[in-house]
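Per chain, numbering begins at 1; letters A, B, ... match sequence-line order.
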Amino acid sequence: MPELPEVQTVVNTLAGRILGRRIATVRLLCDDIVDPPGCDLVGRLQNRIIRAVTRRGKRIVFSLHDGNRFYIHLGMSGRLTLEPADSPILKHTHLILKLVTDATHGQSDDGLHLRFRDPRRFGGVWWIGSEADGNGCDDRIGPEPLTLHPAQLAKRLARTRRAIKSALLDQTLIAGLGNIYADESLFAARLHPLTPASSLDDQQIARLNRAIKTTLRRAIRHRGSSLRDYVDADGLAGGFQNLHRVYDRAGQPCPACRTPIARIVISGRSTCFCPKCQTLQGARDTKTKSLPGHARHIWPDRDQCPKPTPAR
DNA sequence: GTCCATGTTCTTTA
DNA sequence: CTAAAGAACATGGA
């Protein structure tokens, strides 16, 4: 399910409703989703109060009042949902946290269930510990793309000759991108996915950096992409799948030039791109630097769009 | 039965 | 040795 926009949407739909709640009951129905194995997750969560829910890359990080933290990774098919305590427990539900508010006394608090369900079990729950004990969440994870500077991106991509598509999927280089948003970002940046990462010039780096941000922000605005499993914490699907320009669109016309979208495999991952818009040489080498008028809205990058007449 | 899937990690290869 | 491609993980749907 989950790349940065989907994870961010889950965090957004979760945060306002679980902060300050106490974990009254912990039910771990499948303990091989917990890492490290044998850590006393149930005991460590029991009766703790949730202080914050944030995102780091594709991880959903929970901070507790006692200073400890853990994170949930949704893997490929994971769902993290808030449900009434009496709703039926579906197959492949691995963790249930019953959340209560202690502030309201008297009134019956039937509690709210935070449930983690993941049929494929590529996801799971990772115990981090407390910062005071020197336990960080950032082990070997690359920088956040939404606040990344072009110079940082250039430095990281310079050290590998891999295809840029593969590099973008490498969470140690840059955090949060997956197969959908790597393809969509490369299209928006007009870069061929097989371009060697270390061969990008400053202009292409700037374009890519901007394309990644624009693509991710748009996807977050549309609450992520729901292809198969993904829903937010309220069980609602996202809408960005309808706005994909190349991902899973092989054979369909490129929204900019009508050339059929191509599909190739790069390091085992299906990769979709426009063979005409995304050139291996880079757009700078082509004679035409402007775009057909009907295509302008496709390219979020101002460098590639004829600028409107400047104000004044 | 086959192939494929929004991800990560371990193993093998060059 | 390192870098990068491949296989493996587990399940369900087409």
Side-chain angles (χ1 to χ4, degrees), chain A residues 1-11 29-37 55-60 71-80 90-94 116-126 137-142 145 156-187 193-199 212 215-216 218-220 222-232 237-251 263-272:
Chain A
M1 120 186 206
E3 301 180 34
L4 186 152
E6 291 75 36
V7 175
Q8 186 65 57
T9 303
V10 171
V11 168
L29 295 92
C30 169
D31 60 5
D32 51 337
I33 60 151
V34 178
D35 193 283
R55 179 193 57 74
R56 174 77 176 95
K58 300 174 187 174
R59 304 169 173 182
I60 301 165
Y71 72 84
I72 289 180
H73 194 295
L74 298 170
M76 203 83 115
S77 59
R79 295 180 175 202
L80 190 62
L90 301 175
K91 191 178 174 183
H92 303 302
T93 298
H94 306 313
F116 174 59
R117 179 169 173 257
D118 182 15
R120 290 172 75 176
R121 274 186 282 147
F122 288 172
V125 185
W126 279 259
C137 178
D138 290 7
D139 53 306
R140 300 181 318 195
I141 286 226
R156 309 206 133 236
L157 294 182
R159 32 185 226 228
T160 179
R161 294 180 56 80
R162 274 185 296 170
I164 183 63
K165 165 67 184 280
S166 301
L168 292 181
L169 292 179
D170 185 340
Q171 303 298 297
T172 68
L173 288 181
I174 179 173
L177 292 179
N179 215 25
I180 297 174
Y181 299 106
D183 280 5
E184 293 295 316
S185 297
L186 288 172
F187 175 78
L194 285 174
T195 310
S198 56
S199 78
I212 290 170
T215 302
L216 293 177
R218 265 184 90 228
I220 293 170
H222 291 273
R223 307 175 63 260
S225 304
S226 288
L227 301 180
R228 189 191 184 94
D229 294 300
Y230 169 70
V231 291
D232 69 16
F240 195 65
Q241 65 281 359
N242 299 316
L243 300 175
H244 292 171
R245 291 158 174 170
V246 289
Y247 180 82
D248 203 24
R249 298 236 188 283
R263 177 189 178 277
I264 59 177
V265 174
I266 299 177
S267 40
R269 309 306 302 276
S270 163
T271 300
C272 296

Think A/Arg59 forms a cation-pi with A/Tyr71, using NZ or CZ under 6.0 Å from the six-ring centre and within 45 degrees of its axis?
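Yes.
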
Taking only residues two or more places apart in sequence or in another chain, which ones pass salt bridge (charged side-chain N to carboxylate O under 4.0 Å, His left out) with [X]?
X        : value
A/Arg223 : A/Asp232
A/Arg120 : none
A/Arg162 : A/Asp170
A/Lys165 : A/Asp183

All side-chain contact (heavy atoms from CB on, under 4.5 Å) counterparts of [X], not counting sequence neighbours:
X        : value
A/Ile264 : A/Leu194, A/Ile266, A/Thr271, A/Phe273
A/Asp31  : A/Leu28
A/Pro145 : A/Leu4, A/Ile174, A/Ile212, A/Leu216
A/His244 : A/Ile180, A/Glu184, A/Ser225, A/Leu227, A/Phe240, A/Gln241, A/Tyr247, A/Arg249

Secondary structure string for DNA chain B (Watson-Crick or G-U under 3.5 angstrom, | for other-strand pairs):
.||||.||||||||

Base, sugar-phosphate, or nothing: which does [X] touch, judged by heavy atoms less than 4.0 Å apart?
X        : value
A/Arg162 : sugar-phosphate
A/Arg117 : nothing
A/Tyr181 : nothing

By nearest nucleotide on DNA chain C, pick out whichever of A/Phe122 and A/Arg159 is the more 5' one.
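Result of the comparison: A/Arg159.
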
Students should find this one: the first and last nucleotides of DNA chain C, 5' to 3', lying under 4.0 Å from a heavy atom of chain A. What are they?
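For DNA chain C, the relevant span reads C/dA4 to C/dG13.
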
How long is the line joining [atom1] of [X] and [atom2] of [N], in whole Å?
X        : N     : atom1 : atom2 : value
A/Ile72  : B/dG7 : CD1   : P     : 18 Å
A/Arg228 : B/dG7 : CZ    : C1'   : 14 Å
A/Gln171 : B/dG7 : CD    : C1'   : 8 Å
A/Ile33  : B/dG7 : CD1   : C1'   : 16 Å
A/Asn179 : B/dA5 : CG    : P     : 8 Å

B/dT9 and C/dC1, which share atom name P, separated by this distance in whole Å
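Rounded to whole Å, the distance is 23 Å.
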
All N/O contacts under 3.5 Å from nucleotides 9-14 of chain B to the protein, with atom names and distances to one decimal?
none

Under the rule for side chain to side chain donor-acceptor pair (under 3.5 Å), what residues qualify as partners of A/Arg263, not counting sequence neighbours?
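By the side chain to side chain donor-acceptor pair (under 3.5 Å) rule, A/Arg263 matches A/Ser270.
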
Flag for A/Tyr230-A/Glu3: side-chain donor and acceptor within less than 3.5 Å:
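Side-chain D/A pair, A/Glu3 to A/Tyr230: absent.
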
